[in-house]
Amino acid sequence: EVHVVESGGGLVQAGGSLRLSCVVSGYTIDGYAIGWYRQAPGKERLGVSCISSSGGTTYWDESLKGRFTISSDNAKNTVYLQMNNMRTEDTAVYYCAADYKCPEYYYYGMRNWGEGTLVTVSA
């Protein structure tokens with residue numbers, strides 16, 4: 001069974017950068033797609049981006065405007081979310097999830113979820 005664990009969250013000042021990690025166990029990354037989601041306080045969970053088993057990427061949230069980048073390191077079975085020029089509205093719990101492929105729409109969901117890591121952006 002695939003298991004994912006997020007890390008790298010914390011407090012960052014607006015304009016700063018942060019990199020989140022999603023470590024995958026139970027199988028290798030090249031066999032799964034990994035998606036990033038986030039849930040702001042009092043809001044619903046929304047999709048951020050996804051990387052497929054072949055390395056193709058999807059950016060579900062157009063409001064990110066290129067500030068966020070998803071990437072993978074197959075040797076470490078890890079997927080990253082690089083977040084640059086962060087804004088206060090980026091404050092959220094960030095989750096990664098695994099499935100056999102990236103869904104066309106984030107709200108289709110994915111199969112295996114982590115517990116999340118909190119990102120707080122201060123003004």
Side-chain angles (χ1 to χ4, degrees):
E1 180 179 352
V2 173
H3 187 238
V4 296
V5 178
E6 309 94 334
S7 64
L11 178 64
V12 63
Q13 193 172 19
S17 298
L18 203 61
R19 188 180 71 168
L20 305 182
S21 299
C22 175
V23 178
V24 182
S25 62
Y27 211 76
T28 54
I29 288 178
D30 61 0
Y32 290 90
I34 302 295
W36 283 101
Y37 293 74
R38 66 183 185 179
Q39 186 168 20
K43 305 296 183 182
E44 67 177 323
R45 185 184 65 202
L46 300 175
V48 175
S49 63
C50 188
I51 186 165
S52 72
S53 60
S54 62
T57 57
T58 298
Y59 290 88
W60 287 310
D61 190 346
E62 295 183 357
S63 71
L64 299 179
K65 299 179 180 179
R67 296 185 297 112
F68 288 15
T69 302
I70 191 170
S71 63
S72 62
D73 185 337
N74 289 349
K76 297 181 178 179
N77 272 0
T78 300
V79 171
Y80 304 99
L81 183 67
Q82 179 67 45
M83 304 183 291
N84 297 325
N85 192 25
M86 299 192 72
R87 306 168 181 172
T88 56
E89 56 261 43
D90 295 325
T91 295
V93 176
Y94 285 72
Y95 302 88
C96 67
D99 208 331
Y100 295 107
K101 67 176 184 178
C102 294
E104 181 178 2
Y105 302 104
Y106 74 88
Y107 51 80
Y108 286 178
M110 300 183 78
R111 298 180 186 273
N112 302 95
W113 289 81
E115 296 298 320
T117 185
L118 177 63
V119 173
T120 303
V121 184
S122 63

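Note that the numbering runs from 1 along the sequence shown for the chain. As the structure is a computational prediction, the values presented were derived from the model and not from experiment.
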Could you tell me whether a side-chain N or O of Glu6 sits under 3.5 Å from a main-chain N or O of Gly116, the two making a donor and an acceptor? yes
Side-chain donor or acceptor of Thr91 paired with backbone N/O of Val121 under 3.5 Å: yes
Separation between CG (Leu64) and OG (Ser49), nearest 0.5 Å, reads 7.5 Å
Hey, is CD on Glu1 packed in by over 12 heavy atoms from elsewhere, all under 6.0 Å? no
Residue Arg111 excluded, over 12 heavy atoms near CZ under 6.0 Å: no
Got Glu44 and Tyr107 here, is their nearest side-chain heavy-atom distance under 4.5 Å? no
Correct closest heavy-atom pair for Asn112 and Val4 would be O-CG2, 3.8 Å
Of all heavy-atom pairs linking Ser17 and Gln82, the shortest is CB-NE2, 3.9 Å
With the 4.5 Å side-chain cut-off for hydrophobic clustering, are Ile51 and Tyr80 part of the same group? no
Approximate separation, where rounding is to 0.5 Å, of Cys96 SG and Trp36 CH2: 4.5 Å
Hydrophobic clusters here meaning ILVMFWY residues chained together by side-chain heavy-atom distances under 4.5 Å, can you tell me if Ile34 and Tyr106 are in one? no
Show your working on side-chain contact (heavy atoms from CB on, under 4.5 Å) between Met110 and Cys50 and close with a plain yes or no. CA-CA 10 Å; Met110 300 183 78; Cys50 188; 4.1 Å; yes
Distance (rounded to the nearest 0.5 Å) between Leu46 CG and Arg38 CZ: 7.5 Å
Could you tell me how the ring of Tyr37 sits relative to the ring of Trp60: parallel (under 30°), tilted (30 to 60°) or perpendicular (over 60°)? tilted
Flag side-chain contact, heavy atom, 4.5 Å: Tyr32 against Ser53: no
To the nearest 0.5 Å, tell me how far Glu115 CD sits from Tyr95 OH. 8.0 Å
Given Asp61 and Phe68, is the side-chain contact (heavy atoms from CB on, under 4.5 Å) satisfied, shown in steps? CA-CA 10 Å; Asp61 190 346; Phe68 288 15; over 6 Å; no
Can you say whether the rings of Tyr105 and Tyr108 are parallel (under 30°), tilted (30 to 60°) or perpendicular (over 60°)? perpendicular
Rounding to 0.5 Å, atoms CG (Leu11) and CG (Leu18) come to a distance of 9.5 Å
side-chain hydrogen bond (donor to acceptor under 3.5 Å, both in side chains) involving Thr117 - partner list, sequence neighbours excluded: none
If you group Ile, Leu, Val, Met, Phe, Trp and Tyr by side-chain heavy-atom gaps below 4.5 Å, do Val79 and Val2 land in one group? yes
Considering non-hydrogen atoms only, spot the tightest contact between Cys102 and Ala33 and give its length. N-CB, 3.5 Å
Find the distance between OG1 (Thr120) and CE (Met86) and round it off to the nearest 0.5 Å. 9.5 Å
Find out if a path of hydrophobic residues (ILVMFWY) with successive side-chain heavy-atom gaps under 4.5 Å connects Val12 to Tyr94. yes
Are Val5 and Val93 connected in a single hydrophobic cluster, I mean Ile/Leu/Val/Met/Phe/Trp/Tyr linked by side-chain heavy atoms less than 4.5 Å apart? no
What closest approach, in Å, do Thr78 and Ser21 show between heavy atoms, and which atom pair accounts for it? CG2-CB, 4.1 Å
